[in-house]
Amino acid sequence: MGISLRQFEQMKERVEGKARKISPVFAPSPSRNMSGGIILGIDPSLRGTGFGIIQTANPHPRTLAHGTISCPQTWERSRCLAKISETLRAEVRKYHPTVCVVESLFFAQNLQTAMLLGEARGAAIAAIAESGIEIYEIAPRKVKQAIVGYGAAQKSAVAKMVQRLLNLPEPPAPDAADALALALTHAQENSRYNLTPSKRI
């Protein structure tokens, strides 16, 4: 059955109109984290837990706070864990982050080191979870890949790239830089279609 020229033009307009509404698969997608969300990144360690807080905004995120929760070698483990929890609770009360991202556990040859790291990580997670904030974890190698482009990058390279991405006057301390890198990685993953989202814990 034939169609008139007018009918053909009408069909063409409908098809083109629909096509214009389709977004590219890999185009940036709107995200609550990219419209003013506040992300807390934590790099746990018994003697030096790094934290970094960023606020996502266009065109670039901005830093609200970063630092290292330092505990002397002379302190008992229990005192260190208490300080980690207390400091992070204070940061949450001050900046009201909407999401937290923690470095995931990695294989450690030294069992004692793994246990201490696990204790520090547990203290941090428990303190954040009290406020009801969503918590995610990202593997260290994935963070380095996202920030530097190389999964085995040195801490100094991560710090320099974090300084550049956040327009900081100088590179952050190593542990704080890792925490900021975690927050930035989470922001990047939530600003586009992501086939391997961060794991919620």
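Computed over heavy atoms, backbone and side chain alike; hydrogens, waters and symmetry mates excluded.
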Donor-acceptor contacts, no H, no angles, side chain residues 85-92, under 3.5 Å, sequence neighbours left out:
{"from": "Ser85", "atom 1": "OG", "to": "Leu81", "atom 2": "O", "distance (Å)": "3.2"}
{"from": "Ser85", "atom 1": "OG", "to": "Ala123", "atom 2": "O", "distance (Å)": "3.3"}
{"from": "Thr87", "atom 1": "OG1", "to": "Lys83", "atom 2": "O", "distance (Å)": "2.8"}
{"from": "Arg89", "atom 1": "NE", "to": "Glu130", "atom 2": "OE1", "distance (Å)": "2.8"}
{"from": "Arg89", "atom 1": "NH2", "to": "Glu130", "atom 2": "OE2", "distance (Å)": "3.0"}

Inset, instruction - Start with the C-alpha gap between Leu116 and Glu119, add the side-chain angles, then the distance that decides, and say whether side chain to side chain contact (heavy atoms under 4.5 Å, CB included) holds. - result: CA-CA 5 Å; Leu116 295 177; Glu119 289 179 356; 4.1 Å; yes
Inset, instruction - Applying side chain to side chain contact (heavy atoms under 4.5 Å, CB included), run through Asp178 and Val158 and close with a yes or a no. - result: CA-CA 7 Å; Asp178 288 346; Val158 174; 3.8 Å; yes
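- Using modelled atom types, no side-chain atom of Arg62 and backbone atom of Leu166 make a donor-acceptor pair closer than 3.5 Å.
- Within 6.0 Å of the CZ atom in Arg47, the count of heavy atoms belonging to other residues, nucleotides or ligands exceeds 12.
- The two residues Ser104 and Ala139 have their closest heavy-atom pair at OG-CA, 3.0 Å.
- Residue Arg77 holds its CZ atom at 7.5 Å from CG of Leu46, rounded to the nearest 0.5 Å.
- Residues Ala183 and Gly52 approach most closely at CB-O, 4.5 Å, considering heavy atoms.
- Between Thr98 and Ile133, every side-chain heavy-atom pair lies at or beyond the 4.5 Å cut-off.
- Two residues are said to be in side-chain contact when any heavy atoms from C-beta on lie closer than 4.5 Å; Ile135 and Arg200 fail this criterion.
- Counting all heavy atoms, side chain and backbone alike, Pro44 lies closest to Ala120 at CB-C, 4.2 Å.
- Under a 3.5 Å cut-off, the side chain of His60 and the backbone N or O of Ala57 do not form any donor-acceptor pair.
- Rounded to the nearest 0.5 angstrom, Gln145 CD and Lys142 NZ are separated by 11.0 Å.
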Legend entry - Thr49 vs Ile42, side chain to side chain contact (heavy atoms under 4.5 Å, CB included): CA-CA, chis, key distance, verdict: CA-CA 7 Å; Thr49 291; Ile42 302 175; 3.9 Å; yes
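- Across Ile128, Leu64, Val101, a single residue satisfies side-chain contact (heavy atoms from CB on, under 4.5 Å) together with Leu40, and that is Ile128.
- Side-chain atoms of Ile201 and Tyr136, non-hydrogen and from C-beta on, never get closer than 4.5 Å to each other.
- Ring-centre distance between Phe51 and His66: not below the 6.0 Å cut-off.
- Thr63 is listed as a side-chain neighbour of Leu168, based on a closest heavy-atom distance under 4.5 Å.
- Taken to the nearest 0.5 Å, the CD1 atom of Ile38 stands 9.5 Å off from the OH atom of Tyr95.
- How far CG of Leu165 is from CD1 of Ile54: 9.5 Å, rounded to the nearest 0.5 Å.
- Taking the side-chain hydrogen bond (donor to acceptor under 3.5 Å, both in side chains) definition, one finds that Asp175 meets it with nothing, sequence neighbours left out.
- Shown here for Arg141 and Gly151, the closest heavy-atom pair between the two residues is CG-O, 3.3 Å.
- Residues Val102 and Leu182 fail the side-chain proximity criterion, which asks for heavy atoms closer than 4.5 Å.
- Looking only at distances, a side-chain donor or acceptor of Lys144 sits under 3.5 Å from a matching main-chain atom of Ala153.
- Contact annotation: the side chain of Gln55 never approaches that of Ile39 to less than 4.5 Å [non-hydrogen atoms, C-beta and beyond].
- Pairing each heavy atom of Leu105 with each of Gly118, the nearest pair is CD2-CA, 4.5 Å.
- The backbone N or O of Glu103 sits less than 3.5 Å from a side-chain atom of Arg121, completing a donor-acceptor pair.
- Scanning for side-chain hydrogen bond (donor to acceptor under 3.5 Å, both in side chains) contacts around Gln163 gives an empty result, with sequence neighbours left out.
- In this structure, OG on Ser45 lies 7.5 Å from CD1 on Ile84, to the nearest 0.5 angstrom.
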